[in-house]
Amino acid sequence: MSPEENKPTDFIREAVAEDLKSGRYTYVRTRLPPEPNGYLHIGHVKAFMIDYLIAKENNGELILRFDDTNPTKEETEFVEAIEDDARWLGIEWVKVTYASDYFNELYEWAKKLVLMGKAYVDDQTPEEVSKNRGTLTEPGVNSPYRDRDVEENMDLLERMKNGEFPDGSRILRAKIDMAHPNINMRDPAMYRIIHNPPHHRTGDTWKIYPMYDWSHGQNDSMEGITHSLCSLEYENHRPLYEWFLDQLGVFKPRQIEFSRLNMNYTVMSKRKLRRLVEENRVNGWDDPRMPTLRGMRRRGYTAEAILDFIRRVGVAKNYSVSDVALLEECVRDDLNKRALRRMAVIRPLKVVIDNYPDDLAEEMDAINNPEDPSAGTRKVPFSKVIYIEQDDFREVPPPKYHRLFPGNEVRLRYAYFIRCTDVVKDANGNVIEIHATYDPATRGGDAQDGRKVKSTIHWVSAKHAKEVEVRMYDRLFNKENPEEGEEGFLNCLNPNSLEILSGYVEPALASPTVGSRYQFERLGYFCVDPDSLPEKPVFNQTVNLKDTWAKMEKKGK
RNA sequence: UGGGGCAUGGUGCAAUGGCAGCACACCAGCCUUUGGAGCUGUGGAUCUUGGUUCGAAUCCAGGUGCCCCAGCCA
């Protein structure tokens, strides 16, 4: 496929191309406008990639601008975390700016509107403002302060700025139309008074702070942004976005809206994610079950896989809920190509090979990645006592079960054929040990007489094994849409979303690097958690391998 | 009962008046020293009614359904 054919197209890219062609703009500049009030999640990635790629594809620029207009919610910690996550994704920007960089200039622009008679200071209480806004079907009524003269408005605004009035006592409002069918146009607030807490960057310099509507478009204009791309809920704000710019007579970017990313089996709202963390339903914002970038990073997802998912989801205006199965498929697809294969047994069952010499240990050759010959090979030690997966043995095999059962022969990957000869049980009847014999003529995995076995299973030599902790993850919620209903999401938490196991890994995995990713053969992809200790590494399950047998067995029931 | 927006297989996205296609999921088979990967194939969709047109997912009109908006949040 040529790069040309591979290039995604959608209504936004088409609009941008048209704007360039028509001469409406001669260049492309977009902006990434996160509010530094929380950690980034997978939903943000879609918006980020739209802004980044559209700039990049048009040889344009991206500005990372923090929308820090509300000091009661924002913190420097989040600025740093967001930058770090965005960089991890591979996003590049020409500079970092802040809405707060423009507070002075914006204030001058506000005075200009006051002078034009397009803005006024309103002394109504918040309750009165709300009451007089009207409803969806009834027009609002004008504030009694709406017709204050310019001089008084200028004076009051200056005194608001100087901190002479308490929070909530006054606001600056645009003078538009209290009967407008679009409620955003009913004299929207431009500035509100906030004395505390201090702003994370400007400290207590300012006592008034601009609202989103008054700040965003103006900042876009000041920065020469050509395309201000945002999610659908801002569609209703576009008339206001344009009104301010028209009144000021300044450079006018184009706002285009798209639908945000939703995903099943998780929640995306900041409020709900916060509750999960604060009520200890998960272990922090970087819990591998969280849809946050920090969670997914810890889980072992690669940036490439996440970006591929975003690309496959596409861009449109339909309300949509993406399937987490697609994300997982993208992760498998990426890791399949790059992850080294290793043998690990996560639910061990001991097997004693009775006819194998007691003290012998052989080195078996194993392929590191069948998808990538350059990854080479390694040696794996083999001996008389090994561990295999509990799932790989059944005392009474179900139909089509090809793995180990009494009398059956299977291949130990990269080693020998073994045949199960005996089963040892504890007092409760649980199988605790298997006895088997091996065929010395099958070393390496092939029988000289040409006989075949139907199954190949993985194993770890008990004598050479390293004990590790393995954290198995399942979906955080057991309902496709946990967000429906306000309080319901906590009631559909999956109680089994985390399972901690103790397993064994081959020596090649005895001292793994934190963050490195492996495929545990036949089990899935795993990555090394920061909680790892030299004496006990910790692995997170990133995603399982497709399991045809599990599916068959489930279906048979 | 105001304004804005959106309706295409189970899910997400294409088709820009001319054979409804792609990916994931699903199902069947091939292959396999991972029941992985890979390969082949099957099934399944244009919200509804009417109109324009040789021809409509696309244009027009009505209907229905869903989403957003009444923060001094973004």
Looking at the base of rG3(B), is there any donor atom on it, or on the side chain of Asn236(A), that sits under 3.5 Å from an acceptor on the other one?
yes
Counting distance alone, no hydrogens or angles: does the base of rA74(B) have a donor or acceptor under 3.5 Å from a partner atom on the side chain of Tyr234(A)?
yes
Arg133(A) side-chain N/O to rG71(B) phosphate OP1/OP2 under 4.0 Å
yes
Go through the steps to decide whether Phe382(A) and Tyr414(A) satisfy the test ring-ring contact (aromatic ring centres under 6.0 Å, His included), and finish with yes or no.
CA-CA 10 Å; Phe382(A) 181 80; Tyr414(A) 301 126; over 10 Å; no
What's Gln519(A) touching, base or sugar-phosphate or nothing? Going by heavy atoms closer than 4.0 Å.
base
Expressed in angstrom and rounded to an integer, what is the separation of Asp187(A) atom CG from rC72(B) atom P?
12 Å
Out of rC24(B), rA74(B), rG35(B), minimum distance to the side chain of Thr548(A) belongs to rG35(B)
Determine the contact category for Thr125(A): base if any of its heavy atoms lies under 4.0 Å from a base atom, sugar-phosphate if only primed atoms, P, OP1 or OP2 are that close, otherwise nothing.
base
C1' atom, rG2(B) versus rG43(B): distance in rounded Å?
46 Å
Partner nucleotide, any strand, of rU52(B) [Watson-Crick/G-U, under 3.5 Å]
none
Have a look at rG12(B) and give me syn or anti from its glycosidic angle (syn if within 90° of zero).
anti
Over all strands shown, is Ser455(A) touching base, sugar-phosphate only, or nothing at heavy-atom distances under 4.0 angstrom?
nothing
Do the ring planes of Tyr504(A) and Tyr387(A) sit parallel (below 30°), tilted (30 to 60°) or perpendicular (above 60°)?
parallel
Phe539(A) and Phe526(A): aromatic ring centres closer than 6.0 Å?
no
Is the base of rA74(B) stacked against the aromatic ring of His216(A), taking ring centres under 5.5 Å apart and planes under 30° as the test?
no
Which of these nucleotides, rA37(B), rG71(B), rG5(B), is closest to any side-chain atom of Ser130(A)?
rG71(B)
Under 4.0 Å, heavy atoms only, any strand: does Gln124(A) hit a base, just the sugar-phosphate, or nothing?
base
So, Tyr39(A) versus Phe78(A), ring centres under 6.0 angstrom or not?
yes
Can you tell me how far P of rG5(B) sits from CZ of Phe258(A), to the nearest Å?
18 Å
Glu553(A) and its salt bridge (charged side-chain N to carboxylate O under 4.0 Å, His left out) partner, picked from Arg403(A), Arg394(A), Lys400(A)
Arg394(A)
Using a cut-off of 4.0 Å on non-hydrogen atoms, how would the nucleic acid contact of His402(A) be classed: base, sugar-phosphate, or nothing?
base
When only distance counts, do a donor and an acceptor, one from the side chain of Glu233(A) and one from the base of rG4(B), lie under 3.5 Å apart?
no
Note: for Leu232(A) and Val321(A) on RNA chain B, the residue whose nearest nucleotide lies more 5' is Leu232(A)
Check this one for me: any side-chain N or O of Lys546(A) less than 4.0 Å away from OP1 or OP2 of rA37(B)?
yes
Within the pair Ser322(A) and rC24(B), is there a side-chain N or O less than 4.0 Å away from OP1 or OP2?
no
Can you see if the side chain of Thr69(A) gets near the phosphate of rC73(B) - specifically, an N or O under 4.0 Å from OP1 or OP2?
no
Among rC13(B), rC69(B), rG12(B), which nucleotide has an atom closest to any side-chain atom of Ile183(A)?
rC69(B)
Which part of the nucleic acid, if any, lies within contact of Pro33(A), taking any heavy atom under 4.0 Å across all strands shown: a base, the sugar-phosphate backbone alone, or nothing?
nothing
Centroid separation under 6.0 Å, is that true for the rings of Tyr212(A) and Tyr234(A)?
yes
Partner nucleotide, any strand, of rA28(B) [Watson-Crick/G-U, under 3.5 Å]
rU40(B)
Please figure out whether Glu521(A) or Ala189(A) has its closest RNA chain B nucleotide nearer the 5' end.
Glu521(A)
For the side chain of Lys555(A), starting at C-beta, report the closest nucleotide among rA28(B), rC6(B), rG36(B).
rA28(B)
Between rC27(B) and rG10(B), how many Å separate the two P atoms, rounded to a whole number?
16 Å
Which nucleotide, if any, forms a Watson-Crick or G-U wobble pair with rU11(B), using both distances under 3.5 Å?
rA23(B)
Under 4.0 angstrom between Asn318(A) side-chain N/O and rC6(B) OP1 or OP2:
no
Please tell me which of the listed nucleotides, rG2(B), rG3(B), rG35(B), lies nearest to the side chain of Leu136(A)?
rG2(B)
Would you say Arg186(A) places a side-chain N or O within less than 4.0 Å of OP1 or OP2 belonging to rA70(B)?
no
rU16(B) -> Watson-Crick or G-U wobble partner, both distances under 3.5 Å, gives none
Starting from C1' on rA74(B), measure out to CG on Asn219(A) and report it in whole angstrom.
13 Å
Would Trp549(A) pass as stacked on rG35(B), i.e. its ring centre under 5.5 Å from the base's six-membered ring centre and planes under 30° apart?
yes
Arg192(A), nearest nucleotide to its side chain (from rA37(B), rC72(B), rG3(B))
rC72(B)
Using the rule salt bridge (charged side-chain N to carboxylate O under 4.0 Å, His left out), only one of Arg411(A), Arg451(A), Arg419(A) pairs with Asp439(A); which is it?
Arg451(A)
Counting only Watson-Crick pairs (N1-N3 plus N6-O4 or O6-N4) and G-U wobbles (N1-O2, O6-N3), all under 3.5 Å, who is the partner of rG2(B)?
rC69(B)
Using the P atoms only, state how far rA56(B) lies from rU16(B), rounded to an integer number of Å.
15 Å
Do you know which of Arg311(A), Arg338(A), Arg517(A) makes salt bridge (charged side-chain N to carboxylate O under 4.0 Å, His left out) with Glu304(A)?
Arg338(A)
What contact category does Thr135(A) fall into here, base, sugar-phosphate, or nothing, at under 4.0 angstrom with non-hydrogen atoms?
base
Need one value for Val315(A): base, sugar-phosphate or nothing, where a base atom within 4.0 Å counts as base even if backbone is also close, heavy atoms only.
sugar-phosphate
Measuring from the side chain of Pro181(A) (C-beta onward, heavy atoms only), which nucleotide among rC72(B), rU11(B), rG2(B) has the closest atom?
rG2(B)
Phosphate OP1/OP2 of rC27(B) contacted by Lys551(A) side-chain N/O (<4.0 Å)
yes
For the C1' atoms, the ones on rU64(B) and on rC47(B), what distance do you get once it is rounded to whole angstrom?
7 Å
Check whether NZ of the Lys or CZ of the Arg Arg342(A) lies under 6.0 Å from the centre of the six-membered ring of Tyr518(A) and within 45 degrees of that ring's axis.
no
Nearest whole angstrom, please: distance from the P of rG36(B) to the CD of Glu328(A).
17 Å
